[in-house]
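Only heavy atoms go into these numbers, but all of them, side chains included; no hydrogens, no water, no symmetry mates.
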Amino acid sequence: MEDEATQFLHSLETRYGGPVGFRTYSTWYACSDGTVRDYGVFLFVIGSTFHFEDFERKPSLFGFPLKPRKNEPSYVKYERSFLASEVVSVALVQKQVALDCALGYVKPDQIAPAGSIARLFKPLVSRVVLQDGTTFFFELIDQKKFLLALKEGQDGSVQSV
């Protein structure tokens with residue numbers, strides 16, 4: 001397993017032309033363009049560029065593969081990236097509000113940061129807003145390390161909570 005991870009990271013370094021710095025897994029991902037990945041994305045940094053991609057999840061039961069449903073669309077790999085310098089703000093928001101935004105029920109600029117009560121009782125995700133208005137939502141394992149990596153990759157400062 002360790003060998004597979006090393007090979008995977010080496011393939012990323014070869015593909016993107018630099019060493020992988022910060023890396024983590026976002027257990028859930030959504031974007032204001034309507035994309036939702038319930039199984040999350042792998043997020044990593046090369047230089048000052050944040051890249052992320054998902055992986056195909058084949059249904060299984062107790063480790064045995066199941067046949068996909070007939071109506072289920074075929075898997076299409078999802079990959080995106082953004083420069084650290086493009087990030088305008090990062091804030092914790094309620095996961096349900098993030099999902100509503102991705103589904104088009106709420107506009108990205110109408111989302112307020114999570115209040116103290118929501119922080120205690122609701123699932124939260126990190127909202128990353130870019131200069132062009134694109135909004136990403138990541139359910140990060142460690143938001144503090146993400147913020148540190150983001151600050152290292154930019155010249156300016158990022159507004160965050």
Side-chain angles (χ1 to χ4, degrees), residues 1-2 5 8-9 12 16 18-61 72-73 75-161:
M1 180 89 161
E2 185 80 24
F8 173 69
L9 292 175
L12 292 176
Y16 293 106
V20 173
F22 170 78
R23 62 184 186 263
T24 190
Y25 193 77
S26 172
T27 56
W28 182 84
Y29 166 81
C31 181
S32 57
D33 68 2
T35 304
V36 177
R37 293 294 190 254
D38 290 320
Y39 297 113
V41 294
F42 180 66
L43 175 68
F44 60 97
V45 178
I46 294 183
S48 62
T49 304
F50 285 76
H51 303 274
F52 52 96
E53 60 183 60
D54 70 347
F55 300 96
E56 183 174 15
R57 291 260 184 175
K58 296 189 178 189
S60 64
L61 183 63
E72 193 167 322
Y75 169 76
V76 177
K77 185 157 187 72
Y78 182 75
E79 298 176 302
R80 290 213 44 190
S81 62
F82 61 92
L83 295 172
S85 60
E86 295 176 315
V87 176
V88 175
S89 67
V90 178
L92 287 175
V93 300
Q94 292 180 37
K95 184 176 180 180
Q96 183 59 52
V97 176
L99 178 61
D100 289 345
C101 176
L103 298 176
Y105 302 129
V106 176
K107 293 182 181 176
D109 58 353
Q110 295 175 329
I111 300 173
S116 55
I117 293 176
R119 288 175 186 244
L120 292 173
F121 299 109
K122 303 278 184 172
L124 302 177
V125 295
S126 297
R127 175 183 67 182
V128 177
V129 180
L130 303 184
Q131 292 170 345
D132 68 0
T134 301
T135 304
F136 300 122
F137 301 99
F138 297 100
E139 189 170 34
L140 297 167
I141 294 170
D142 189 344
Q143 187 199 26
K144 289 180 183 179
K145 286 184 182 177
F146 170 74
L147 290 173
L148 285 174
L150 187 59
K151 286 180 181 179
E152 287 176 7
Q154 358 178 252
D155 298 330
S157 64
V158 172
Q159 300 171 3
S160 66
V161 291

Enquirer: Could you check, using the six-membered ring where one of them is a Trp, whether Phe8 and Phe55 have ring centers closer than 6.0 angstrom?
Expert: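 Yes, ring centres under 6.0 Å apart.
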Enquirer: Is the centre of the Phe44 ring less than 6.0 Å from the centre of the Phe42 ring?
Expert: yes
Enquirer: Tell me whether the rings of Phe138 and Phe82 are parallel (<30°), tilted (30 to 60°) or perpendicular (>60°).
Expert: tilted
Enquirer: To the closest 0.5 Å, what do you measure between CZ (Phe50) and OG (Ser81)?
Expert: 11.5 Å
Enquirer: Looking only at heavy atoms, which two atoms of Cys31 and Thr134 are closest? And how far apart?
Expert: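 For Cys31 versus Thr134, the nearest heavy atoms are SG-CG2, 4.0 Å.
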Enquirer: Given the rule in the side-chain contact (heavy atoms from CB on, under 4.5 Å) test, do Leu124 and Val93 qualify, once you have shown the distances and angles that lead to the verdict?
Expert: CA-CA 5 Å; Leu124 302 177; Val93 300; over 6 Å; no
Enquirer: Per the ring pair (Phe, Tyr, Trp, His ring centres under 6.0 Å) rule, which among Tyr39, Phe136, Tyr29 passes with Tyr78?
Expert: Tyr29
Enquirer: Rounded to the nearest 0.5 Å, how far apart are CZ of Phe22 and CG of Leu150?
Expert: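 Separation between the atoms: 9.5 Å.
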Enquirer: Please answer whether the main-chain N or O of Val87 pairs with a side-chain N or O of Ser89 as donor and acceptor at a distance below 3.5 Å.
Expert: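 The answer is no, because no donor-acceptor pair under 3.5 Å joins these two groups.
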Enquirer: Distance-only criterion, 3.5 Å: show the donor-acceptor pairs between side-chain atoms of residues 96-114 and protein atoms not counting sequence neighbours.
Expert:
from, atom 1, to, atom 2, distance (Å)
Gln96, NE2, Asp100, OD1, 3.0
Gln110, OE1, Lys107, N, 3.2

Enquirer: Step through the shown structure and confirm whether more than 12 heavy atoms of other residues, nucleotides or ligands are within 6.0 Å of CZ on Arg23.
Expert: no
Enquirer: Write down the atom of Val128, the atom of Val90, and the distance for their closest heavy-atom approach.
Expert: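 Val128 and Val90 have their closest heavy atoms at CG2-CG2, 4.3 Å.
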Enquirer: For a quick test of reading the model, state the closest non-hydrogen atom pair linking Trp28 to Ser26 and the distance between them.
Expert: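 Answer, listing the atom of Trp28 first, then Ser26: O-OG, 2.6 Å.
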Enquirer: Testing Leu147, Ile141, Asp142 one by one against Lys145 for a side chain to side chain contact (heavy atoms under 4.5 Å, CB included), which residue passes?
Expert: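 Considering Leu147, Ile141, Asp142, a side chain to side chain contact (heavy atoms under 4.5 Å, CB included) with Lys145 is found only for Asp142.
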Enquirer: For Phe146 and Leu43, what are the C-alpha separation, side-chain angles and deciding distance, and is it a side-chain contact (heavy atoms from CB on, under 4.5 Å)?
Expert: CA-CA 10 Å; Phe146 170 74; Leu43 175 68; 3.8 Å; yes
Enquirer: Check this for me: Lys144, atom NZ, are more than 12 non-hydrogen atoms of other residues, nucleotides or ligands nearer than 6.0 Å?
Expert: no
Enquirer: Can you establish whether the number of heavy atoms outside Lys95 located under 6.0 Å from its atom NZ is more than 12?
Expert: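 Check passes, neighbour count above 12.
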Enquirer: Could you note down all residue pairs passing salt bridge (charged side-chain N to carboxylate O under 4.0 Å, His left out) where residues 35-49 supplies at least one of them, sequence neighbours left out?
Expert: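 Residue pairs passing salt bridge (charged side-chain N to carboxylate O under 4.0 Å, His left out), neighbours aside: Arg37-Asp54.
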Enquirer: For Phe121, check side chain to side chain contact (heavy atoms under 4.5 Å, CB included) against everything at least two apart and list the hits.
Expert: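 In terms of side chain to side chain contact (heavy atoms under 4.5 Å, CB included), with neighbours along the sequence ignored, Phe121 is linked to Ile117.
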